[in-house]
Amino acid sequence: MSDKIYSVKELKQAGQIPVLGTIPYNQLLEKEQIILSPMHQRSDQENAFSASNNSFRIEQPRYFLEAFRRLATNVRLNSLDSRIGSLVVSSALPNEGKSSVSFYLAHASALMGQRTLLIDTDLRHPTLHKLCNVSNERGLSNYLTGEVSLSESMISLPMDEKLFFIPSGTTPADPAKVLSSAKMDEFYREIYKAFDLVIFDTPPLLGFADAFMVAKKTQGVLLTARLGQVKFSQLESVLDDLHVAKVPTIGVVANDSRENNNLSNDYYQYYEDFSQASQEHPVRPVAAINSNGKVDDKAGWHKTISNILGKT
């Protein structure tokens, strides 16, 4: 009756496109909150996993971060013909979590070994610099106007040596004009040569041309749909617009799912219990058989494998 999509099953039926990831509900993402926080700022979040270097960290539940690892894997495996090297993350309307999905997808991809660049091309209402706790004084728009070089507009995020970020920069008077400039074409050529995966965070698709301009220069759009908020009619309208613009739709991400959250928690609690038990009671290495046919406790397990393979 409300025309809203409340479940992953309804989302699959509405879009007729693959659901590549289901992101569980996370109270920390209800508002625009900093993702990268200084180490001295601790969270009261239960069952939190901290991925960090010496100064910054991401603190989220394990099952939440694992959902993005699955999403990153599905994005990589979704195209059988060619590797996905660039994509736009967008949504039908604002507040569907596209910026958070963009960041965590980029982070997961970097952890999986891909040299990843995250770009905020939402020149109207930029968000990613706030989430990443960095300045937005210079970025993409400043590079496009010739104020800074490409390297000067780029930030190496502290969470992984393969993760880089370009903020949106100073807000231009006409964002669509800037994004359609010849300098932007040069920008695409440079970054595609340097990175394995480039992720663009754009404005929402309904009402603005910006996302379509950027998406035409990528391999497609990954839609973010917040369950309980997005409507069937809105999703249908977006998919029609993408079809008319001949922009491929890679898939959709079901955001803020409250289905099976307890199951995810139980699974990772089991994983943690198993890991802890393994550390307390390590498995004894397989003993090797010496030349006299007796067990040699000092021999390594690799010697046993060599014996099995018939190698010295």
Does Y6 form a side chain to side chain contact (heavy atoms under 4.5 Å, CB included) with L11? I'd like the steps, not just the answer.
CA-CA 8 Å; Y6 287 97; L11 183 61; over 6 Å; no
**OP:** Evaluate side chain to side chain contact (heavy atoms under 4.5 Å, CB included) for L223 paired with V253, printing each intermediate quantity in order.
**Re:** CA-CA 6 Å; L223 286 173; V253 180; over 6 Å; no
Which is it for F208 and F212 under the ring-ring contact (aromatic ring centres under 6.0 Å, His included) test, yes or no, and what are the steps along the way? CA-CA 8 Å; F208 298 105; F212 292 91; over 10 Å; no
Shortest non-hydrogen contact between [X] and [Y], atoms and distance:
X    : Y    : value
V148 : G139 : CG2-O, 4.3 Å
S180 : K177 : OG-O, 3.1 Å
S141 : G169 : OG-C, 3.3 Å
A245 : K216 : O-NZ, 3.2 Å
M112 : R69  : SD-O, 4.1 Å

So, [X] side chain and [Y] main chain: donor-acceptor pair closer than 3.5 Å or not?
X    : Y    : value
T116 : Q114 : yes
K98  : L222 : no
E10  : I5   : no
Q229 : N95  : yes
E96  : S91  : no
E190 : L150 : no
E152 : S149 : yes
S109 : L105 : yes
E236 : A14  : no
S90  : P203 : yes

Any side-chain heavy-atom pair of [X] and [Y] under 4.5 Å:
X    : Y    : answer
L93  : L206 : yes
I23  : Y104 : no
F165 : F103 : no
L87  : V89  : yes
D210 : V214 : no
N136 : S168 : yes
L140 : P167 : no
L205 : D241 : no

Is there a path of hydrophobic side-chain contacts, each under 4.5 Å between heavy atoms of I, L, V, M, F, W or Y residues, that connects [X] with [Y]?
X    : Y    : answer
L128 : V134 : yes
L242 : I84  : no
Y192 : L117 : yes
V230 : V8   : yes
Y188 : I199 : no

What I want to check is whether the side chains of [X] and [Y] have a donor and an acceptor closer together than 3.5 Å.
X    : Y    : result
T224 : N255 : no
E147 : T145 : yes
T121 : T202 : no

Check your understanding: Any salt bridge between K217 and D185, counting N to O under 4.0 Å?
Key -> yes
Item to complete: May I ask you to decide whether D196 forms a salt bridge with R115, counting only side-chain N to carboxylate O separations under 4.0 Å?
Response: no
Distance (rounded to the nearest 0.5 Å) between [X] [atom1] and [Y] [atom2]:
X    : Y    : atom1 : atom2 : answer
L20  : T73  : CG    : OG1   : 11.0 Å
R138 : I155 : CZ    : CD1   : 8.0 Å
D201 : L118 : CG    : CG    : 7.0 Å
S233 : D3   : OG    : CG    : 4.0 Å
N74  : I250 : CG    : CD1   : 12.0 Å
R70  : L65  : CZ    : CG    : 11.0 Å

Hits for salt bridge (charged side-chain N to carboxylate O under 4.0 Å, His left out) against D120, two or more places apart or cross-chain, chain-then-number order -> none
Take atom [atom1] in [X]; do more than 12 heavy atoms of anything else shown fall under 6.0 Å from it?
X    : atom1 : value
E137 : CD    : no
E161 : CD    : no
K183 : NZ    : yes

Given the options V221, I17, V252, V244, L239 meets side-chain contact (heavy atoms from CB on, under 4.5 Å) only with I17
Q) Should the pair F187 and Y143 be assigned to parallel (<30°), tilted (30 to 60°) or perpendicular (>60°) ring geometry? A) tilted
| message | Walk me through whether M184 and L144 qualify under side chain to side chain contact (heavy atoms under 4.5 Å, CB included). | response | CA-CA 7 Å; M184 190 68 182; L144 296 176; 3.8 Å; yes
Test side chain to side chain contact (heavy atoms under 4.5 Å, CB included) on E259 and L227 and set out the steps. CA-CA 10 Å; E259 304 174 61; L227 299 180; 4.3 Å; yes
